[in-house]
Amino acid sequence: MNLDERLLKPYNPATTEDRIYREWLAKRAFEPQGEGEAFSMVMPPPNVTGVLHLGHAAMIAIEDIMVRYARMQGKRTLWLPGTDHAAIATQTKVEEMIYKAEGKTRHDLGREEFLKRVTAFATESHDKIVEQIKKLGASTDWTREAYTLDERRARAVREAFVRMYEAGLIYRGERIVNWDPRLQTTVSDDELEMKEVTEPFYYLKYGPFIIGTARPETKFGDKYVVMHPADKRYANYEHGQKLEVTWLNGQITATVIKDESIDMTFGTGVMTITPAHDTTDAAIAARHGLESEQIIDLKGKLLPIAGEFAGLHIKKARGAIVEKLKTLGLVEKIEEKYVHNVPVNSRGGETIEPQILRQWFVDVNKPIAERNGASLKALMREAVASGGIKIIPEQFEKIYFHWIDNLRDWCISRQIWYGHQIPVWYRGEEIYVGVEPPSAAWQSEGWVADPDTLDTWFSSGLWTFSTLGWPEATADLKAFHPTTVLETGYDILFFWVARMILMSRLLLNQLPFKTVYLHGLVRDEKGQKMSKSKGNSVDPLAMIAKYGADALRLSLIIGTSPGSDVRISEDKIRGYKNFSNKLWNIARFILTAIEGEVPARPESLSASTTSRLAELEAVTKDITDDIEHYRFYLAGEKLYHYVWHTLADKIIEAAKAPLQVPSEAPEIRFLLYTIFDRMLRLLHPFTPFITEELWSLWPKTERELLINTPWPKI
RNA sequence: GGGCGGUUAGCUCAGUUGGUAGAGCAUUCGCUUGACGUGCGAAGGGUCAUAGGUUCAAGUCCUAUACCGCCCACCA
């Protein structure tokens, strides 16, 4: 017989993959089909700040396995793709680019022009990302693609905000928040990262006390001195007692406060507080109803209260202030090497300066009447505690609970431009909160729109249903929500997963998904995080060009387990390229052996064939079972091993002689055909391109495309 | 400070309800076998971190210790 000319040459992914992908698209194979049980999943939307890295590739590989498996099982399968505007990250990146190229800031350009530039950047970035996702073979339904900042999502965001405001779950309050003096915006608690620093620790004389501080530059306004009520050393001082003390700018009246949060063993057991610029101090002040005064402005400079130091940046002020303290004789001693943690912004690395500001918050503790009096916190906890949502691996459930138990109100307003503008308008004392502005001519009527935008995770929190058309009662929403599974990295369990649970439970009274599968981070062969600055990042597109998407996908699946980080090197990817080649050659051999036809099942089968077929059933069951239990790494490895070391090394080798014997050949042909037909189906979710290509060359009685061919029954 | 993981072959990691240790890569030896040298056959290599305990049986369960990692955290 004549082999298809494609089979005469080695498998070439470069000329095959794009063609196959176009064919799937043309046949609308990624869109939900039929009336079967629904399977739905949203793609965690990559940020439009750049291009995809191997972590994204791993994510797509895992998700595509789930989706293709579901589809082959005949489910009405939807995998909904999208991208994220990543508010702060994108804005900062574009600001930096503009500043480098033109020396201009966003304020030089103005809001409108600046947003045009960000949008242009985001669009370009989006196009590249979509191209990469396609290269990986993702069977996502592009007809439903969404963007966290597009019109429909904007509508959903405003609707969510308004409903939550009306329910009293969103409020405007003046509270201590995390302020980033460089980016000039607040950030949420979850965006903080603790960074260890070593700096001097000062013991200062404060009236009769010695107080300890690492930040003398914030101490100008300190007029409360705090100690533990049970501290015997200070038993002579009473709560509320007033004392005249000499301090930085002369005499002040200090008040003694007794508070149980004080650690008696730390320093001298006494401290003064700066409620305007320290979260701990603010909490103490709130407990006792103390006054607070701003010392540092939003640019990080000292205010007039600092006397001669006013206008000085806090970073420069410390030395001068310590000198003055020394002159005044107020320095008792200095410990030079004090190690402690300071909060920095995880996006940008600037030290956070807490400030008391008027911001918008989500109240996580308020009882909600329509949810039996449960708070958002309780709703989030209950979703997982009840077993309604299962997290894989299970250990993350504990981490999730721990996070929820420590959760405070969520600051959602940001002083940046790229994002969903807060749907609130002000006119004098009047406030209007609505999906649409207060009137068509609101500007001329004296209304002023809130200039702030929402935390990017606010819109991300709506993702499972904003992508399906909410707030409208669309057919998609009805058919596909709650989604079946959410697959994402464990690093955004709090940022994203928890917020989706919050939003969905509140706004739809539904769980957003039934299962959460958390993958690990992809690292290089030395276990380091991949990053451009380290120069160790591996470009998925380069790997696809060299070894094919199938090889890349296998390398990202095998040897990885949920929740643990993955090490990947080019060698590993190369290894799976060899597997593609092996598969290709097995196909060449078997197609030649069966002469391009579907072999008939012989009347009777030999014992060895029967046992090989039984083994095949066992393998099928095993693989199916592994996929059902999200053990993709095991399923992939077992398939690899069976195909190479059982099918190729044993069965095919043993088939060579009998194929030459006319009386034995038909049974062998039947065996080879049956096994390889099964392998193509089982392998398809893992290596979709090469299996689809081989399917097109395969004599078959069923579907034209493997992507729609039924998964073997067990 | 609190919590959660990890420690298995030279390297990267599996080991799903406890039943005489596995894979890939690497190493060594041998193969111009007509599907594939991107290959084939064979071999070496592990007191499963340490110390106890439960059990007929422990890499797998329990306790403690050491080291590594991660998350959370209001010791100023």
Side-chain angles (χ1 to χ4, degrees), chain A residues 3 7 10-11 176 189-190 192-194 201-204 211-215 218-219 222 226-227 259 261-274 278-284 286 338-341 343 354 393-408 490-491 493-494 520-521 523 525-527 547 551 554-555 558-561 563-569 571-572 574-593 622 625-626 628-631 633-634 636-638 640-641 644-645 647-649 652-653 655-656 672:
Chain A
L3 277 179
L7 277 173
Y11 175 60
I176 192 147
D189 293 344
D190 298 291
L192 300 187
E193 216 166 71
M194 291 310 214
F201 189 75
Y202 306 89
Y203 288 90
L204 307 175
I211 59 152
T213 183
R215 303 198 62 193
T218 65
K219 296 280 153 199
D222 287 12
V226 192
M227 61 213 71
D259 192 280
S261 70
I262 300 298
D263 181 353
M264 287 189 270
T265 65
F266 185 81
T268 57
V270 185
M271 68 179 212
T272 61
I273 58 170
T274 314
D278 186 287
T279 318
T280 317
D281 296 1
I284 294 171
Y338 172 63
V339 180
H340 68 138
N341 293 323
E394 209 173 325
Q395 78 222 34
F396 281 95
E397 294 190 358
K398 288 180 201 165
I399 297 174
Y400 174 82
F401 292 138
H402 189 253
W403 175 81
I404 287 187
D405 294 340
N406 289 303
L407 186 63
R408 291 180 292 181
Y490 66 76
D491 53 330
L493 176 62
F494 310 140
L521 273 36
R523 297 170 182 278
E525 63 263 42
K526 291 180 194 127
Y547 307 112
L554 269 186
S555 73
I558 296 177
T560 75
S561 56
S564 351
D565 294 350
V566 191
R567 291 190 188 197
I568 187 102
S569 60
D571 278 344
K572 188 174 175 190
R574 190 182 300 122
Y576 290 104
K577 169 75 199 302
N578 297 353
F579 179 71
S580 299
N581 178 66
K582 191 76 187 175
L583 201 62
W584 191 252
N585 282 299
I586 290 170
R588 279 166 64 160
F589 178 86
I590 296 181
L591 279 164
T592 308
D622 209 15
D625 207 46
D626 282 337
E628 288 286 343
H629 292 91
Y630 301 95
R631 297 187 295 252
Y633 58 103
L634 275 185
E637 193 175 323
K638 285 172 185 168
Y640 177 96
H641 204 257
W644 202 310
H645 300 299
L647 176 57
D649 292 348
I652 288 183
E653 287 307 319
K656 286 177 179 172
L672 293 176

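In what follows, chains are A, B, ... by sequence order, proteins preceding strands, each numbered from 1.
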Taking only the side-chain nitrogens and oxygens of A:Ser561, find out if one of them lies under 4.0 Å from OP1 or OP2 of B:rA14. yes
Selection residues 396-407 of chain A - residue pairs positive for side-chain hydrogen bond (donor to acceptor under 3.5 Å, both in side chains), sequence neighbours left out: A:Asp190-A:Trp403, A:Arg381-A:Asp405
Pick the nucleotide of RNA chain B nearest each of A:Thr279 and A:Leu634; which residue has the one closer to the 5' end? A:Leu634
Say you pick atom P in B:rA43 and the same atom in B:rU60; how far apart are they, in whole Å? 29 Å
If you measure from the P atom in B:rA64 to the same atom in B:rA21, how many Å do you get, rounded? 29 Å
If you look at every strand shown and take non-hydrogen atoms under 4.0 Å, does A:Tyr547 touch a base, only sugar-phosphate, or nothing? nothing
Is the shortest side-chain heavy-atom distance between A:Trp644 and A:Leu583 below 4.5 Å? no
I'd like to compare against my own output: the B/S/- annotation of nucleotides 27-38 of chain B with a strict under-4.0 Å heavy-atom distance to protein. --------BB-B
Taking atom C1' in both B:rG10 and B:rG5, what distance in whole Å separates the two? 25 Å
Looking only at side-chain N and O atoms, does A:Tyr633 come under 4.0 Å of OP1 or OP2 in B:rG15? yes
Between protein and nucleotides 71-73 of chain B, what N or O pairs are separated by less than 3.5 Å?
unit_1: B:rA73; atom_1: N6; unit_2: A:Asn341; atom_2: ND2; d: 3.1

Is A:Asp565 reaching over with its side chain to a backbone N or O of A:Leu521, donor-acceptor style, under 3.5 angstrom? yes
Between A:Lys572 and B:rC11, does any side-chain N or O lie under 4.0 Å from OP1 or OP2? no
Pairwise C1' distance, B:rA57 and B:rC13 [rounded to whole Å]: 27 Å
When the C1' atoms of B:rU28 and B:rC70 are compared, how many Å lie between them, rounded to an integer? 40 Å
Could you tell me how far apart A:Asp263 (CG) and B:rA76 (P) are, to the nearest whole angstrom? 10 Å
Side chains of A:Met194 and A:Pro343: does their closest heavy-atom pair fall under 4.5 Å? yes
Please work out if A:Ile262 contacts a base, only the sugar-phosphate, or nothing of the nucleic acid, heavy-atom cut-off 4.0 Å. base
In whole Å, measure the gap between the C1' atoms of B:rC40 and B:rG34 for me. 14 Å
Could you provide the dot-bracket string of RNA chain B, using ( ) for intrastrand pairs, [ ] for crossing pairs and | for bases paired to another strand, with Watson-Crick or G-U pairs below 3.5 Å? (((((((..((((.....[..)))).(((((.......))))).....(((((..]....))))))))))))....
In terms of ring plane angle, is the pair A:Tyr576 and A:Tyr640 parallel, tilted or perpendicular, where the classes change at 30° and 60°? perpendicular
Distance between P atoms of B:rC48 and B:rA58 (Å, rounded): 12 Å
Separation of A:Trp584 atom CH2 from B:rG39 atom P, in whole Å? 17 Å
Between A:Arg574 (CZ) and B:rG39 (P), how many Å, whole number? 12 Å
Could you state the atom-to-atom distance from NE2 of A:His340 to P of B:rA76 in whole Å? 6 Å
So what does A:Gly269 hit on the nucleic acid, given a heavy-atom distance under 4.0 Å: a base, only sugar-phosphate, or nothing? base
I need the CG-P distance between A:Asp622 and B:rA14, as an integer number of Å. 18 Å
Interatomic distance where CG belongs to A:Asp259 and C1' belongs to B:rC74 [whole Å]: 11 Å
A:His641 meets the ring pair (Phe, Tyr, Trp, His ring centres under 6.0 Å) criterion, sequence neighbours left out, with A:His645
Has the side chain of A:Lys577 got a donor or acceptor atom that lies under 3.5 Å from a matching backbone atom of A:Ala551? no
When we call it a touch if two heavy atoms are under 4.0 Å apart, what does A:Thr560 touch: a base, just sugar-phosphate, or nothing? nothing
Atom CG of A:Asp571 to atom P of B:rA26: distance rounded to whole Å? 8 Å
Has A:Tyr338 got a side-chain N or O lying under 4.0 Å from the OP1 or OP2 atom of B:rA76? yes
Hey, what do you get for CG (A:Asp281) to OG1 (A:Thr218), rounding to the nearest 0.5 Å? 8.0 Å
Nucleotide nearest A:Lys398 (side chain, heavy atoms from C-beta), chosen from B:rG24, B:rA14, B:rC4: B:rC4
Between CG on residue A:Leu204 and CE on residue A:Met271, distance to nearest 0.5 Å: 14.0 Å
Give the rounded distance in Å between these two atoms: CG of A:Leu493 and P of B:rG5. 14 Å
Restricting to side chain to side chain donor-acceptor pair (under 3.5 Å), what partner residues turn up for A:Thr268, sequence neighbours left out? none
Mind checking A:Gly212 for me? I need base, sugar-phosphate or nothing, with any heavy atom below 4.0 Å counting as a touch. base
Give the intermediate values and the outcome of side chain to side chain donor-acceptor pair (under 3.5 Å) for residues A:Ser569 and A:Asp571. CA-CA 5 Å; A:Ser569 60; A:Asp571 278 344; 5.1 Å; no
Output the single nucleotide from B:rC4, B:rC75, B:rG24 whose closest atom is nearest the side chain of A:His645. B:rG24
For A:Leu672, which of A:Ile652, A:Leu591, A:Ile586 qualifies under side-chain contact (heavy atoms from CB on, under 4.5 Å)? A:Ile652
What integer number of Å spans the P atoms of B:rG46 and B:rG39? 27 Å
